[in-house]
**Q** 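Please read through the structure below; I'll follow up with questions.
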Amino acid sequence: MTETLDHPAQPPLPQFTVALAAPDLGPWRAGNTGVAGFTTRAGSEPGPHVALVALVHGNEIAGAIVLSKLLAAGVRPVRGRLTFGFANLAAFDRFDPAHPTASRFVEEDMNRLWDAPVLDGPRRSLELDRARDIRPLIDTVDVLLDLHSMLWASEPLLLSGGTAKGRDLALAIGQPGLVVADEGHVSGRRLIDYGAFADPHAPQAAVLAEAGQHWSEPTVRMTLASIAGLLRHLGTVAAHPALPESPPCAHPRFAEVTTVVTASTANFSFVRPFRGGDVIAERNTLIAVDGEEEVRTPHDDCLLVMPSLRPSRGHTAVRLARLLDR
Ligand SMILES: [Zn+2]
């Protein structure tokens, strides 16, 4: 199944192929934590509380496919606790392969709400209410891996937030082999930016896996590899047939976001259809036009992180990052 989005002012978009089927989450919907969709399994030895979270974006079904398989396969921790969470079930329930971009959220992006003033504030939405339900459980998590995928063609990557502990965790996971440190979005804080995760003095850490294109089989494999890398690194799960043995990338690349380009007009367009992971060699290269404004690379060897080829006004169009030699 494919979907095209038409826009009169810009050339037609590529067709997005949906090669994955939404998993049946029936057995995991109630959960066992008091929070619907969240299941925790405990090991016999003490250890960290690790959370694997899928469906913060309701149409990013690769993570849900992997978590439901791991739950069904009986994966459980030997130490600490392991939580499997399906976040935006209401959006996921609206997933339609004929219109796969429509179910990212119902009322607002659940990954822009993770800020105490917003969560404690008076505003309500379906996603905010759900975030408030999930929040007490998240407050008990030591290490969190948030499972995402991407609409546009891009090299898979791990987003490590703005802290050194996030960077170290992502590099230790080692799959995907590209780690990007960034401060998030102007439009609101992500789950990995929430509370103790973003506090450089707290031990809790969270990273976000962008495992590939939304509805493709390689994204399922990369999601699984990323989870296996995390659980191996933390010693949470002993070897299990459902978890691949593939070693982490020996030399993951690390990049720091230097510039977040936010579309300030409805007429933002890249000069060509860049792919995430593209590197622009020379500084001051024109990459996009935002209304009348030119967008140019701020430095040499500029890594383009997840360009959104059709950003709406006020949304992140691309993050520009500097590759660092480690
Ligand atoms: Zn996402």
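One-based numbering, in listed order, for ligands and for the atoms of each. No experiment lies behind these values; they were computed from the predicted model shown.
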**Q** Name the atoms and distances for all side-chain donor-acceptor pairs under 3.5 Å in residues 191-205, with sequence neighbours left out.
**A**
residue, atom, partner, partner atom, Å
D193, OD1, R190, NH2, 3.1
D193, OD2, R190, N, 3.0
D193, OD2, R190, NE, 2.8
Y194, OH, R135, NE, 2.9
Y194, OH, D139, OD1, 2.7
D199, OD1, H201, N, 2.8

**Q** What residues, two or more places apart in sequence or in another chain, satisfy side-chain hydrogen bond (donor to acceptor under 3.5 Å, both in side chains) together with T40?
**A** T83
**Q** So, with waters excluded, how many protein N/O/S atoms does the Zn ion (ligand 1) have closer than 2.8 Å?
**A**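 With waters ignored, the protein N/O/S count below 2.8 Å is 4.
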**Q** Parallel, tilted or perpendicular: which fits the ring planes of F16 and W215, with parallel below 30° and perpendicular above 60°?
**A**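 Because their plane-to-plane angle is over 60°, the rings of F16 and W215 count as perpendicular.
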**Q** Do R272 and F274 have side chains that get closer than 4.5 Å, going by heavy atoms?
**A**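 Yes - at least one pair of side-chain heavy atoms lies under 4.5 Å apart.
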**Q** Determine which pairs satisfy side chain to side chain donor-acceptor pair (under 3.5 Å) with at least one residue from residues 69-79, sequence neighbours left out, and list them in order.
**A**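 Of all non-adjacent pairs touching residues 69-79, none passes side chain to side chain donor-acceptor pair (under 3.5 Å).
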**Q** Before accepting this row, confirm whether a basic side-chain N of the pair D129/R132 lies closer than 4.0 Å to the acidic partner's carboxylate O.
**A** yes
